[in-house]
Amino acid sequence: MTGPALQACRVHAGSQQTVLKPAAGLNPRSPLVYTRSLSSRSFHFSQYNSGPPVRHVCQANDRTAAPVADQAPSPDGSAVLENSEQFQVHLKAAIMDPRVKEQNEVTPEVKTLVDELKSIAPKDRKKITKEGIKGVFNGVLSDFGDRMSSDGMSTLGTISFQQFKPTDLKIKAEGTQVLISTEYENQYSVNIPFVIQDGPLAGVKGVQTTIGEYTIDDSEPVRQKIGFTALSLGPNTSDSSAKQKWMEVMKKENDKMDEEGKILLKFPEPMKGFRDFLYFDEQLQMSIGNRGSLTIIQQQA
């Protein structure tokens with residue numbers, strides 16, 4: 001630990017959480033974010049700059065702070081970084097990187113921030129509420145694992161759990177949209193608009209919607225439990241000729257299509273999943289799904 005960092009550490013020992021003015025020798029444009037452990041007698045602070053956060057850890061007693069070796073975040077979740085204004089600024093700057101927004105890439109900066117947030121025990125994170133997380137959100141980054149490549153390429157069967165046909169139809173997703181409502185039985189739905197890439201429907205746009213309901217349990221303060229009850233598929237265009245072509249081709253492969261070309265499939269039993277919130281505010285949500293996928297969504301303007 002450097003001398004200036006240790007000086008700042010000693011001066012501010014005993015605080016719960018403070019954004020510190022940098023001590024001599026540290027970047028004056030990069031304030032220190034200091035957090036006091038809620039579950040132990042240690043604390044740490046981080047300096048954010050253009051690269052990954054630099055993390056320092058001290059061991060405190062009643063009056064002084066003696067240095068200990070720099071170390072990774074402790075699994076007990078002693079940090080409360082998501083409540084820091086400086087951390088919020090750094091997070092939002094990181095996800096505005098074109099590599100994230102345009103290429104759906106988990107950059108080293110985003111990975112570092114996610115690791116910081118994962119180090120916080122769920123009990124020490126901000127508790128989610130229905131009012132706090134509701135809204136219409138556009139996807140900033142979605143990790144679909146092997147269901148979709150980073151450029152959005154997939155097949156109709158893959159994104160629909162093999163429910164809609166033709167299952168080998170190549171599609172390219174054009175982002176995601178998430179609706180979280182408190183007005184319609186706690187509705188949770190995910191839209192995946194896409195463009196068909198091959199066959200007679202090449203260039204025609206469609207949209208798949210996964211429909212479900214969610215619950216929040218006080219015993220798991222950062223977990224949103226979701227039960228998906230239905231899938232819908234339909235054209236996503238106002239072009240009458242494209243819609244007619246959609247209906248002619250897709251009706252041969254799928255039953256129960258309505259007059260607008262939409263297909264609704266209800267599951268006999270809900271498909272259960274969850275997402276654990278790492279961070280959320282009135283504009284942004286970051287969560288890890290039950291399959292380990294990272295999702296970052298932003299409130300629609």
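Quick note: numbers below take in every heavy atom, side chains included, and nothing from hydrogens, waters or symmetry partners.
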TODO: Report the residues that fulfil salt bridge (Lys or Arg N to Asp or Glu O under 4.0 Å) with Lys111, sequence neighbours left out, ordered by chain and then residue number.
DONE: Asp115
TODO: Would you mind listing the cluster partners of Leu264? Hydrophobic ones only (ILVMFWY), side-chain contacts under 4.5 Å, chaining allowed.
DONE: Ile211
Open item on the list: Test of understanding: with salt bridge (Lys or Arg N to Asp or Glu O under 4.0 Å), list the residues that count as partners of Lys127, not counting sequence neighbours.
Closed with: Asp218
- [ ] Can you sort out the partners of Asp97 under side-chain hydrogen bond (donor to acceptor under 3.5 Å, both in side chains), two or more places apart, ordered by chain and number?
- [x] Arg99
TODO: Among Ile, Leu, Val, Met, Phe, Trp and Tyr joined by side-chain contacts under 4.5 Å, find the other residues sharing a cluster with Val136 and list them by chain and number.
DONE: Leu179
Task: Salt-bridge criterion met for Lys134 and Glu131 (N-O under 4.0 Å) - done: yes
Less than 3.5 Å apart, which donor and acceptor atoms pair up between the side chains of residues 193-201 and the rest of the protein, not counting sequence neighbours?
unit_1 : atom_1 : unit_2 : atom_2 : d
Gln197 : NE2    : Val195 : O      : 3.0
Asp198 : OD1    : Lys170 : N      : 3.4

Task: Any residue meeting salt bridge (Lys or Arg N to Asp or Glu O under 4.0 Å) with Asp168, in chain and number order, not counting sequence neighbours - done: none
Open item on the list: By the side chain to side chain donor-acceptor pair (under 3.5 Å) test, which pairs, at least two apart or in different chains, include something from residues 224-236?
Closed with: Glu220-Lys225, Gln224-Arg275
Open item on the list: Keeping Gln163 on the side-chain end and Phe161 on the backbone end, is there a donor-acceptor pair under 3.5 Å?
Closed with: yes
Please tabulate, for the side chains in residues 254-262, all donor-acceptor contacts under 3.5 angstrom to protein atoms that are two or more places apart in sequence or on a different chain.
unit_1 : atom_1 : unit_2 : atom_2 : d
Asn254 : OD1    : Lys165 : N      : 3.0
Asn254 : ND2    : Lys165 : O      : 2.7
Asn254 : ND2    : Met250 : O      : 3.1
Asp258 : OD1    : Glu260 : N      : 2.8
Asp258 : OD1    : Gly261 : N      : 3.0
Asp258 : OD1    : Lys262 : N      : 2.9

Open item on the list: Taking salt bridge (charged side-chain N to carboxylate O under 4.0 Å, His left out) as the cut-off, I'd like each qualifying pair that reaches into residues 288-301, sequence neighbours left out, listed once.
Closed with: none
Task: Qualifying residues under ring pair (Phe, Tyr, Trp, His ring centres under 6.0 Å), relative to Phe277, sequence neighbours excluded - done: Phe280
Task: Taking every non-hydrogen atom, the tightest pair across Val110 and Ala94 - done: CG2-O, 4.1 Å
- [ ] Hydrophobic side-chain clustering at under 4.5 Å (ILVMFWY, transitive links): who's grouped with Val207? Put none if nobody.
- [x] none
